[in-house]
There are 2 protein chains.
Amino acid sequence: MVPLILLTDQPVTTADKTFIQLRQDIVEGVIRPSSKLSETELSTKYAVSRAVIREAINRLESCRLVERKANVGARVVALTQDGLEELYQVREALEGMAARLAAVHMTETEISDLKSLLSTHFETVQSGETYYQEAGDLDFHYRIILGSKNTQLISMLVDSLYHLIRMYRVQLGMAGPRVTTAFDEHRHIVQAISNRDAELAEMLMRRHILYTKQNSQKTLLSHINSQTRM
Amino acid sequence: MVPLILLTDQPVTTADKTFIQLRQDIVEGVIRPSSKLSETELSTKYAVSRAVIREAINRLESCRLVERKANVGARVVALTQDGLEELYQVREALEGMAARLAAVHMTETEISDLKSLLSTHFETVQSGETYYQEAGDLDFHYRIILGSKNTQLISMLVDSLYHLIRMYRVQLGMAGPRVTTAFDEHRHIVQAISNRDAELAEMLMRRHILYTKQNSQKTLLSHINSQTRM
DNA sequence: CTCCCCTATATTGTCGACAATATCACCAAT
DNA sequence: ATTGGTGATATTGTCGACAATATAGGGGAG
């Protein structure tokens, strides 16, 4: 797993590191969905004070990776059909807007970089390396999101939504056979951005996300059917 | 000021109350934009421990009302042209989607309630009560947001974006002369929702927000021009 | 046998103290 | 005079202890 993004390399506190560690453990399923997060337990396990754990849990809550009730405690979110639906609706809205803004604000250099990324992506699709396909897909979306140049939008997508999405993907084992078809959609989006056609870029991105959603929902359904433990 | 929304009346901790109090003081300008939030100072002022203040500040950060740097401290966000622009871009995306979903998910009862709200709103517009116009506008938007039935979307808009928007509105003294024209836009949106035309509802809502943005930006500009202290 | 109440226990919420870090002022050297 | 380094001070980060609340289990009454 590549260290995703690091805008500025500020000093990092223990709480920061604990938060990142906990987030990873939740997303990757080391800490199971719907499981309880005991503060004392975690503080011994990660060898930090409860205050640090509490701060980390608070941040996880604002990422919507855990839910919290006063005087009761925090639980990792459950993976549900409805949750996935809601998640993708928000993603469609935000990332559609990101594509629209990217068509306006991306520099020519950034666009040509995006195009070359697409080329390398094409090659790896043909050779069939599933892992790198995932990474390539992420990279593609990140560049467009960053290209929007809207810090709020970027933060919402990168800091919270995408971790939740990844949690669904990882835990439902979605290495999707959809990658080859997605490639064409990526190509068209880049074309629209390159043409500075904001309207079209947004529409194509929203379509692309809708297709991805349908694919994910199918996977989730079959998961529920095969394993009744949900 | 009406107590906005209270989904479930769970037990409320000191940190909750302090968070809400601080948020109000920031939004209403009791604590000025760009000012520093000293933890010790606030803990004496609000008569709670620093731990409580820290938790409140953390939550304010996830609302994007304050910004934080490790080992340095937290500051209230600054009100800038760019910030307003970014804010409204996100709002357009999210609330457009909310309108789309509301057209699908609102019950007939909720829709007729919305229509009657529109009627009372029309009367107050004619009588010219500016304060209630504001409240009425908020109420209108809230109902549609809630009508989306998407908890993520609702939380993003109600718990963070709208407080930021209100901060801009309150502090720039926007009691806008735009209310009468906005009324027609509201009417058309309701009509689209009533017709279950999701596509149109989204489009009209996005337009409506775009107009509001342009109006806000004008106000902000004249503010900057009149008072150089920014 | 069932239901309710009450107590014991464990967990979260809150607090004050200590450690680590940044900031500012002052001084010296070039 | 300006710049670089150094120390004092104030602020944030972290910790362990105490208080308040929820939960589970047992005992008693109906």
Side-chain angles (χ1 to χ4, degrees), chain A residues 6-26 31-78 159, chain B residues 6-26 31-78 159:
Chain A
L6 206 56
L7 296 168
T8 56
D9 42 2
Q10 302 165 21
V12 173
T13 67
T14 312
D16 290 328
K17 285 182 281 191
T18 308
F19 162 63
I20 292 173
Q21 181 67 46
L22 260 173
R23 184 177 64 186
Q24 180 177 331
D25 288 351
I26 289 173
I31 303 177
R32 306 271 303 262
S34 305
S35 62
K36 187 169 191 317
L37 294 177
S38 163
E39 295 181 358
T40 52
E41 188 184 325
L42 290 175
S43 74
T44 58
K45 189 174 173 183
Y46 290 89
V48 292
S49 82
R50 259 188 64 216
V52 170
I53 294 288
R54 279 179 68 82
E55 177 160 346
I57 289 181
N58 276 328
R59 294 202 223 168
L60 289 171
E61 191 187 15
S62 36
C63 299
R64 298 173 201 292
L65 285 169
V66 312
E67 285 166 353
R68 198 169 195 193
K69 270 192 293 187
N71 291 311
V72 174
R75 305 191 81 89
V76 180
V77 293
D159 292 337
Chain B
L6 204 57
L7 295 167
T8 58
D9 41 3
Q10 300 167 24
V12 174
T13 67
T14 312
D16 290 328
K17 286 182 281 192
T18 308
F19 163 62
I20 292 173
Q21 181 66 47
L22 259 173
R23 185 178 62 187
Q24 180 176 331
D25 288 350
I26 289 173
I31 302 176
R32 306 271 304 261
S34 304
S35 62
K36 187 166 191 315
L37 294 177
S38 162
E39 294 181 359
T40 52
E41 188 183 327
L42 291 176
S43 75
T44 58
K45 188 173 174 182
Y46 291 88
V48 290
S49 83
R50 257 188 65 215
V52 171
I53 293 289
R54 277 178 71 83
E55 177 161 344
I57 289 180
N58 276 330
R59 294 201 223 168
L60 289 170
E61 191 187 15
S62 36
C63 298
R64 298 171 200 291
L65 285 169
V66 312
E67 284 166 353
R68 199 171 193 189
K69 271 191 292 188
N71 291 311
V72 175
R75 306 191 80 89
V76 180
V77 292
D159 292 338

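Quick note on labels: first sequence line is chain A, next is B, and so on, each numbered from 1. For clarity, every value in this text was computed on a predicted model and none was experimentally measured.
Rounding to whole angstrom units, CD of residue B:E39 and P of C:dT14 are separated by 16 Å. The separation between A:Y46 atom OH and D:dC15 atom P is 15 Å, rounded to whole Å. Residue A:K36 contributes atom NZ, which lies 14 Å from atom P of D:dA22 at whole-angstrom precision. D:dG13 atom C1' lies 12 Å from atom NZ of A:K17, rounded to whole Å. In this structure, B:R75 atom CZ and C:dT23 atom P are separated by 11 Å, rounded to whole Å.
Checking the phosphate oxygens (OP1, OP2) of D:dG13, no side-chain nitrogen or oxygen of A:T14 falls inside 4.0 Å. Between A:R68 and C:dT11 there is no side-chain N or O to OP1 or OP2 distance below 4.0 Å. OP1 and OP2 of C:dT14 both lie 4.0 Å or more from every side-chain N or O belonging to B:S49.
Side-chain contact between A:I31 and A:L22: present, with at least one pair of heavy atoms (C-beta onward) separated by less than 4.5 Å.
Put simply, OG1 on A:T18 and CD1 on A:I57 are 10.5 Å apart, with the number rounded to the nearest 0.5 Å.
Non-hydrogen atoms lying under 4.0 Å from DNA chain C are contributed by nothing in residues 53-62 of chain B.
Residues B:E41 and B:K36 are not paired through a salt bridge, judged by the lack of any N-O separation under 4.0 Å between the basic side chain and the carboxylate. With respect to B:E55 and A:R54, a salt bridge is recorded, a charged nitrogen being found less than 4.0 Å from a carboxylate O.
In this structure, B:A15 and B:V52 approach most closely via the heavy-atom pair CA-CG1, 3.7 Å. Closest non-hydrogen pair, A:D159 versus A:R23, comes out as O-NH1, 4.2 Å.
Each of B:V72 and A:A51 has a nearest nucleotide on DNA chain C; the 5'-most of these lies closest to A:A51.
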Pull out every protein N or O sitting under 3.5 Å from an N or O of nucleotides 17-20 of chain C, one pair per line with the distance.
none

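Side chain of B:D16 to main chain of B:T13: a donor-acceptor pair is present (N/O by atom type, distance under 3.5 Å, no hydrogens or angles). Between the side chain of A:R75 and the main chain of A:S34, a donor-acceptor pair closer than 3.5 Å is present.
Applying the side-chain hydrogen bond (donor to acceptor under 3.5 Å, both in side chains) test to A:R64 and every residue at least two apart in sequence or in another chain returns B:S155.
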